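This report concerns only the one structure given below.
Please read all numbers here as calculations on a predicted model, not as lab measurements.
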Amino acid sequence: MERMHKSLRRLPSLDFLRGFEAAGRRLSFTLAAEELFLTQSALSRQIKALEDALGVALFERRHRALALTPIGVAFHREVTGLLESLAMAADRTSGAVRAPGLTLSTTVSFASLWVIPRLASFRARHPDVEVYVSADDRVVDLARGDVDVAVRYLPDASAPEHAVRLFGERMTPVASPKIVRGGRSLRTPADLAHHVLLHLDDPDGRTPWLDWRSWLTSNGQPGLKPAGALRFRIYDQVVQAAVGGQGVALGRLPMLSEHLRDGRLVAPFVRKYDSARGYFALTAPQVQDRADVGAFVRWLADEAAREAARADPSSRRNGTVARTGNVNSARGTRAGRGTSTRSPRVKGDRH
């Protein structure tokens, strides 16, 4: 027993091991740091401390590239297996005392801009069902049991079988009415040259469909230079800046439909840019027969169809393509516990 205690005292910090696992899996300190909500420099220091403690190099740091050393590959395999075992043990333990209710995982933007404003209608239909809203940057398997329903933004071709497509997404510039009514014209895309553009910061190019360059190119202004630029890490911050009159944002419809209907924002141009992705509801395989889960997915589909009808009464082409929320795929999703609909709270994701 004493021997085991001595061995445990020599173990590296669990945070260091989690950082090493993420960096080895992503082969990028930047992407791993974002996943763990750390700065790149903090994660780099953790990896260096782990290498110093072990007395070996785990990574080869190349120009604009990162690779595991042979020792690092073997150690990563062992660490990954042990962390997965520890995570499953924690899941089994927490599942045994899990509070009743339904957990929804999605991005912060989708939760705050689309789901939460509509939750009252679900509560009116199903007052006995507690809904926990979660938005987290961790990627876990739906089969592990942390999440019952996930809404994810996916290319149509990669959506799992039986996933429910809620709607696609269109990009169009949006701004505060006071900007549109101001002295500088905003009647054509070329007029954006006189305005500050609000950007979602994306140094790794993971969300090109939210890049102003895509919209400008598709609308005949590939070389446009704006009067200025402001960058934000989270899309909600982009929207808040637009509402506050700080510049013109690339609006995501239908997520910002309520902002346009109540006049907080206006869309000055008719032309839009269609994303090749859509929002899909996925159901964890182990809960696909639960009545509350089925009711929630049907509610999501109904709300999406209602939104499509409001946007275009003559067509439901952006509505649902299925009525069942069942999914027999254990495709990965982001998870994390949140709070009930009585006090919705979200954390984490940047999109």
Review point. Taking all non-hydrogen atoms of both residues, which atom of Ala124 and which atom of Pro127 are closest, and how far apart?
Key: O-CD, 4.0 Å
Practice item. Please name the pair of heavy atoms, one in Pro173 and one in Pro268, separated by the smallest distance, quoted to 0.1 Å. Key: O-CD, 3.4 Å
Point to revise | Any residue meeting salt bridge (Lys or Arg N to Asp or Glu O under 4.0 Å) with Arg125, in chain and number order, not counting sequence neighbours | key: Asp302
Point to revise | Short side-chain to backbone donor-acceptor contact, Asp292 and Val129, under 3.5 Å | key: no
Check your understanding: Can you get from Leu14 to Leu82 by hopping between Ile, Leu, Val, Met, Phe, Trp and Tyr side chains that sit under 4.5 Å apart?
Key -> no
**Study point:** Any donor-acceptor N/O pair, Ser176 side chain to Gly244 backbone, under 3.5 Å
**Key:** no
Practice item. Enter the distance from Ser121:OG to His126:NE2 here, rounded to the nearest 0.5 Å. Key: 9.5 Å
Review point. Taking atom OG of Ser109 and atom CZ of Arg252, what is their separation to the nearest 0.5 Å?
Key: 5.5 Å
Review point. Any ion pair linking Arg165 and Asp156 (charged N to carboxylate O, less than 4.0 Å)?
Key: yes
Check your understanding: Does the pair Arg26/Glu35 count as a salt bridge with the N-to-O cut at 4.0 Å?
Key -> yes
Review point. Under 3.5 Å, is there a donor-acceptor pair between the side chain of Arg62 and the main chain of Leu66?
Key: no
Exercise for review: For Arg118, check side-chain hydrogen bond (donor to acceptor under 3.5 Å, both in side chains) against everything at least two apart and list the hits.
Suggested key: Glu307
**Study point:** Stepwise side chain to side chain contact (heavy atoms under 4.5 Å, CB included) check, Leu216 with Asn219
**Key:** CA-CA 5 Å; Leu216 290 169; Asn219 284 274; over 6 Å; no
Practice item. Decide yes or no on side chain to side chain contact (heavy atoms under 4.5 Å, CB included) for Leu198 and Val248, but give the supporting numbers first. Key: CA-CA 6 Å; Leu198 307 175; Val248 183; 5.9 Å; no
**Study point:** Non-hydrogen atoms of Val79 and Leu17 that approach each other most closely
**Key:** CG1-O, 3.9 Å
Study note, to complete from the structure: Across all chains, not counting sequence neighbours, the side chain to side chain contact (heavy atoms under 4.5 Å, CB included) partners of Arg231 are His199, Asp201
**Study point:** Test: Arg152 cationic atom under 6.0 Å from Tyr279 six-membered ring centre, within 45° of axis
**Key:** no
Point to revise | Shortest non-hydrogen contact from Leu38 toward Gln46 | key: CD1-NE2, 4.0 Å
Exercise for review: Please test Val151 against Val115 for side chain to side chain contact (heavy atoms under 4.5 Å, CB included), starting from the C-alpha separation and ending with a verdict.
Suggested key: CA-CA 10 Å; Val151 175; Val115 174; 5.7 Å; no
Practice item. For residues Arg18 and Leu36, determine if any side-chain heavy atom of one lies less than 4.5 Å from a side-chain heavy atom of the other. Key: yes
Review point. Just wondering, do Gln221 and Leu192 contact through their side chains at under 4.5 Å, heavy atoms?
Key: no
Review point. How far does CD of Gln240 sit from CD1 of Ile234, to the nearest 0.5 angstrom?
Key: 9.0 Å
Review point. Is the shortest heavy-atom distance from the side chain of Glu303 to the side chain of Trp114 under 4.5 Å?
Key: yes
**Study point:** Nearest-0.5 Å distance, CD of residue Glu84 to CG of residue Leu86
**Key:** 11.0 Å
Practice item. Evaluate the criterion side chain to side chain contact (heavy atoms under 4.5 Å, CB included) for residue pair Val297 and Val149; output intermediate values, then yes/no. Key: CA-CA 8 Å; Val297 173; Val149 179; 4.0 Å; yes
Review point. For Phe20, which residues count as a ring-ring contact (aromatic ring centres under 6.0 Å, His included) partner, sequence neighbours excluded?
Key: Phe59, Phe75, His76
Point to revise | Gap separating the CD atom of Glu78 from the CG atom of Leu83, nearest 0.5 angstrom | key: 11.5 Å
Exercise for review: Please find out if less than 6.0 Å separates the ring center of Tyr153 from that of Phe110.
Suggested key: no
**Study point:** Which atom of Leu43 lies closest to which atom of Gly19, heavy atoms considered
**Key:** CD1-CA, 3.6 Å
**Study point:** Under 3.5 Å: donor-acceptor pair, side chain of Trp215, backbone of Met171
**Key:** yes
Review point. Does the side chain of Phe16 come within less than 4.5 Å of Ile47's, by heavy atoms?
Key: no
Point to revise | Heavy-atom donor-acceptor pair, Ser257 side chain to Pro254 backbone, under 3.5 Å | key: yes
Exercise for review: List in chain and number order the residues that pass side chain to side chain contact (heavy atoms under 4.5 Å, CB included) with Ala267, two or more places apart in sequence or in another chain; answer none if no residue qualifies.
Suggested key: Thr172, Val174, Leu260
**Study point:** Intermediate values then yes/no, salt bridge (charged side-chain N to carboxylate O under 4.0 Å, His left out), Glu21 and Arg77
**Key:** CA-CA 9 Å; Glu21 186 280 326; Arg77 188 182 306 115; over 6 Å; no
Check your understanding: Which atoms form the tightest heavy-atom contact between Val133 and Ala111, and what is the distance?
Key -> CG1-CB, 3.8 Å
Review point. Using 4.0 Å as the upper bound for N to carboxylate O, is an ion pair formed by Arg61 and Glu51?
Key: yes
Review point. If we only count heavy atoms from C-beta on, is the Val243 to Leu265 side-chain gap below 4.5 Å?
Key: yes
Practice item. Using the test side chain to side chain contact (heavy atoms under 4.5 Å, CB included), find all partners of Pro177 that sit at least two apart in sequence or belong to another chain. Key: Arg181, Val266
Check your understanding: Take atom CD1 in Ile71; do more than 12 heavy atoms of anything else shown fall under 6.0 Å from it?
Key -> no
**Study point:** Gap between atom CZ of Arg213 and atom CG of Leu224 - 0.5 Å precision
**Key:** 13.5 Å
Point to revise | Side chain proximity check, Leu166 to Leu300, heavy atoms < 4.5 angstrom | key: yes
Review point. Is the backbone N or O of Leu256 less than 3.5 Å from a side-chain atom of Arg261, with the two atoms forming a donor-acceptor pair by type?
Key: no
